[in-house]
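What follows is a short report on a single structure.
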Amino acid sequence: MSEIKPTDPAATNAGEEKDWAAAKAFFDSLKTRKPRPPKPQYAVTIAVSSRTLFNMVAERKIYEEEGVEKYVTFQQEHENEPLMPGVAFPLVKALMTVNSRLRQLYPDSEELFDIVLMTNNHAQVGVRLINSINHYDLTIERFCMTGGKSPIGYLKAYMTNLYLSKDGEKVTEAIEEGIAAATMFASGDVENQLSDTQLKVAFDGDAVLFSDESEIIVKQHGLDTFFEHEKEFENKPLAQGPLKCFLEALGKLQRKFYAKNERMNCPIRTYLVTARSAASSGARVLKTLRSWGLEIDEALFLAGAPKGPLLQKIRPHIFFDDQMFHIEGAKELGTIAAHVPYGIGQKYHKGELIEQPVNDVKDKK
């Protein structure tokens with residue numbers, strides 16, 4: 001009987017790495033006209049839910065009223081009918097436009113947007129989603145379909161920079177996991193014509209790009225105390241908010257255009273749209289961005305004026321704000337808005353307290 005010789009682990013690992021390298025080289029040599037997704041570690045990854053990418057209102061109604069089995073059956077019976085575009089569709093098209101420009105300037109670069117479909121749909125529904133994506137010629141190759149379970153646990157594994165959903169609970173869960181996220185809302189009866197050559201992203205400041213430190217002072221102590229506080233701490237950078245990392249990712253891609261002398265023709269444009277007053281509290285905001293090494297293309301200080309009319313002029317593909325009354329005002333004038341459920345603003349609506357702070361409740365017991 002022959003003797004079985006022990007396997008050398010080092011030799012085995014070396015062999016596996018060699019096989020993997022050979023397989024990768026073969027895959028990379030395959031020719032295709034369709035752009036390949038970038039490597040996740042270099043990409044700016046945007047995860048969108050199926051209900052933000054496509055209009056699935058009718059399908060959702062079947063799910064809620066008749067249950068999951070009827071829903072899945074309906075999707076299978078209609079899988080050759082493309083779903084209509086949803087609220088995130090124009091954003092996705094704009095991301096693809098930026099990628100096209102980047103590939104022209106940097107043919108071998110992996111620093112691109114990567115769009116991931118992140119959904120709790122069942123795999124059986126995947127065929128209709130794939131057919132719809134192909135119908136519109138969208139570059140979405142990476143899917144996560146979790147069969148009824150929350151997909152939030154997969155966001156970090158997919159190296160997500162931004163998660164967009166219509167489910168506020170999932171968005172809150174993502175923010176608590178340290179991932180930039182927002183709940184998307186369709187515009188109202190008015191529909192603004194969006195740019196097809198430039199991605200426009202508008203951000204509120206406090207509790208979006210920055211922490212809610214200053215907003216807490218406004219809500220609890222009033223504007224005069226807030227102005228005094230901002231003057232005193234003008235040179236102290238604000239702490240970062242949940243969307244700071246996404247602005248940072250946009251800035252990284254913008255700088256690639258600047259390096260090719262394309263600043264004035266850059267297909268990404270960012271806006272700060274804040275209720276702050278410029279003279280009374282604007283300096284700290286601008287100095288904070290400077291301390292982070294970040295640029296904002298346009299900074300608009302409204303001193304408490306409504307944001308909707310200005311956003312109607314900007315026509316962003318997405319506007320992020322932490323307060324629902326700003327979201328509602330933007331929607332009414334045709335802006336695609338995304339709610340960031342973060343900070344003390346969640347306890348107020350139109351300046352009125354809707355939820356008692358925990359300390360106040362304890363004091364009354």
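Just so it is clear, the model here is predicted, and its values are computed rather than measured.
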Measure the shortest side-chain to side-chain distance between [X] and [Y] over non-hydrogen atoms and say whether it is less than 4.5 angstrom.
| X | Y | answer |
| --- | --- | --- |
| N265 | R101 | yes |
| I140 | L53 | yes |
| L209 | T274 | no |
| R284 | K236 | yes |
| E215 | F210 | no |
| V125 | E59 | no |
| Y63 | V68 | yes |
| S214 | L238 | yes |

Nearest 0.5 Å, what's the [atom1]-[atom2] distance between [X] and [Y]?
| X | Y | atom1 | atom2 | result |
| --- | --- | --- | --- | --- |
| Q254 | I268 | CD | CD1 | 5.5 Å |
| T45 | Y158 | OG1 | OH | 11.0 Å |
| T172 | H339 | OG1 | NE2 | 8.0 Å |
| I179 | L162 | CD1 | CG | 10.5 Å |
| I133 | L138 | CD1 | CG | 6.5 Å |
| K331 | F319 | NZ | CZ | 13.0 Å |

Inset, instruction - Evaluate the side-chain contact (heavy atoms from CB on, under 4.5 Å) criterion for residues I175 and V340: first the C-alpha distance (whole Å), next the side-chain angles of each, then the deciding distance (0.1 Å), finally the verdict. - result: CA-CA 9 Å; I175 288 176; V340 181; 3.9 Å; yes
Smallest separation among heavy atoms of [X] and [Y], with atom names:
| X | Y | value |
| --- | --- | --- |
| L194 | P316 | CD2-O, 3.6 Å |
| A180 | N161 | CB-O, 3.3 Å |
| L129 | S50 | CD2-CB, 3.9 Å |
| R142 | P40 | NH1-CG, 3.6 Å |
| P37 | E110 | O-OE1, 4.4 Å |
| D114 | A43 | CB-CB, 3.8 Å |

Side-chain donor-acceptor pairs under 3.5 Å in residues 74-85, sequence neighbours left out?
| unit_1 | atom_1 | unit_2 | atom_2 | d |
| --- | --- | --- | --- | --- |
| Q75 | OE1 | R128 | NH1 | 2.7 |
| Q75 | NE2 | Y71 | OH | 3.2 |
| H78 | ND1 | F74 | O | 2.8 |

When you measure from the side chain of [X] to the backbone of [Y], do you find a donor-acceptor pair of N or O atoms at a distance under 3.5 Å?
| X | Y | result |
| --- | --- | --- |
| T270 | D297 | yes |
| S211 | E213 | yes |
| K156 | E177 | yes |
| T225 | G222 | no |
| S49 | S165 | no |

Inset, instruction - Applying side-chain contact (heavy atoms from CB on, under 4.5 Å), run through V285 and T288 and close with a yes or a no. - result: CA-CA 5 Å; V285 162; T288 295; 5.8 Å; no
Legend entry - By side chain to side chain donor-acceptor pair (under 3.5 Å) - contacts of Q240 (at least two apart):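 Once residues adjacent in sequence are excluded, Q240 has no partner under the side chain to side chain donor-acceptor pair (under 3.5 Å) criterion.
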Inset, instruction - With side-chain contact (heavy atoms from CB on, under 4.5 Å) as the test, would you mind laying out the steps for L91 and V48 before giving the verdict? - result: CA-CA 10 Å; L91 172 67; V48 296; 5.6 Å; no
Common cluster, [X]/[Y], ILVMFWY with side-chain heavy-atom separation under 4.5 Å:
| X | Y | value |
| --- | --- | --- |
| L112 | M159 | no |
| L199 | L253 | yes |
| V208 | M324 | no |
| V218 | I344 | no |
| M96 | L117 | yes |

Legend entry - With P151 via side-chain contact (heavy atoms from CB on, under 4.5 Å) - residues at least two apart: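 Here the qualifying residues are M118, N120, T146, Y163, K170.
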Inset, instruction - Could you tell me whether K244 and E248 make a salt bridge, using a distance below 4.0 angstrom between a side-chain N and a carboxylate O? - result: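 Judged by the 4.0 Å cut-off on N to carboxylate O distance, K244 and E248 do form a salt bridge.
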Legend entry - Y154 six-ring centre to K149 NZ/CZ under 6.0 Å and within 45° of normal: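 Pair K149/Y154 does not count as cation-pi.
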Inset, instruction - Please say whether more than 12 non-hydrogen atoms of neighbouring residues, nucleotides or ligands are located less than 6.0 Å from CZ in F143. - result: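 Yes - once you tally the heavy atoms of other residues, nucleotides and ligands closer than 6.0 Å, there are more than 12.
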Inset, instruction - Please indicate whether Y258 has more than 12 foreign heavy atoms, meaning atoms of other residues, nucleotides or ligands, lying under 6.0 Å from its OH. - result: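 Atom OH in Y258 is packed in, count exceeds 12.
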Inset, instruction - Determine the sole option in V92, T139, N99 for which the side-chain contact (heavy atoms from CB on, under 4.5 Å) test with F113 is passed. - result: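 Of the listed residues V92, T139, N99, the side-chain contact (heavy atoms from CB on, under 4.5 Å) partner of F113 is N99.
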Inset, instruction - Could you list all the side chain to side chain donor-acceptor pair (under 3.5 Å) pairs where at least one residue sits in residues 196-209, not counting sequence neighbours? - result: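 Every pair satisfying side chain to side chain donor-acceptor pair (under 3.5 Å) with a residue in residues 196-209: S195-T197, D204-K307, D206-R276.
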Legend entry - Qualifying side chain to side chain donor-acceptor pair (under 3.5 Å) pairs with a residue from residues 83-97, counting only residues at least two apart or across chains: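 Found none.
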Legend entry - Among F203, Y342, F185, ring-ring contact (aromatic ring centres under 6.0 Å, His included) partner for F320: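 Considering F203, Y342, F185, a ring-ring contact (aromatic ring centres under 6.0 Å, His included) with F320 is found only for F203.
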Inset, instruction - Not counting sequence neighbours, list each pair that qualifies as a salt bridge (Lys or Arg N to Asp or Glu O under 4.0 Å) and has a residue in residues 62-71. - result: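 For residues 62-71: R60-E64.
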Inset, instruction - Starting from the C-alpha separation in whole Å, work towards a yes-or-no answer on side-chain contact (heavy atoms from CB on, under 4.5 Å) for D322 and D212. - result: CA-CA 10 Å; D322 67 303; D212 65 342; over 6 Å; no
Inset, instruction - Give the intermediate values and the outcome of salt bridge (Lys or Arg N to Asp or Glu O under 4.0 Å) for residues E295 and R263. - result: CA-CA 12 Å; E295 293 185 37; R263 179 181 284 269; 3.2 Å; yes
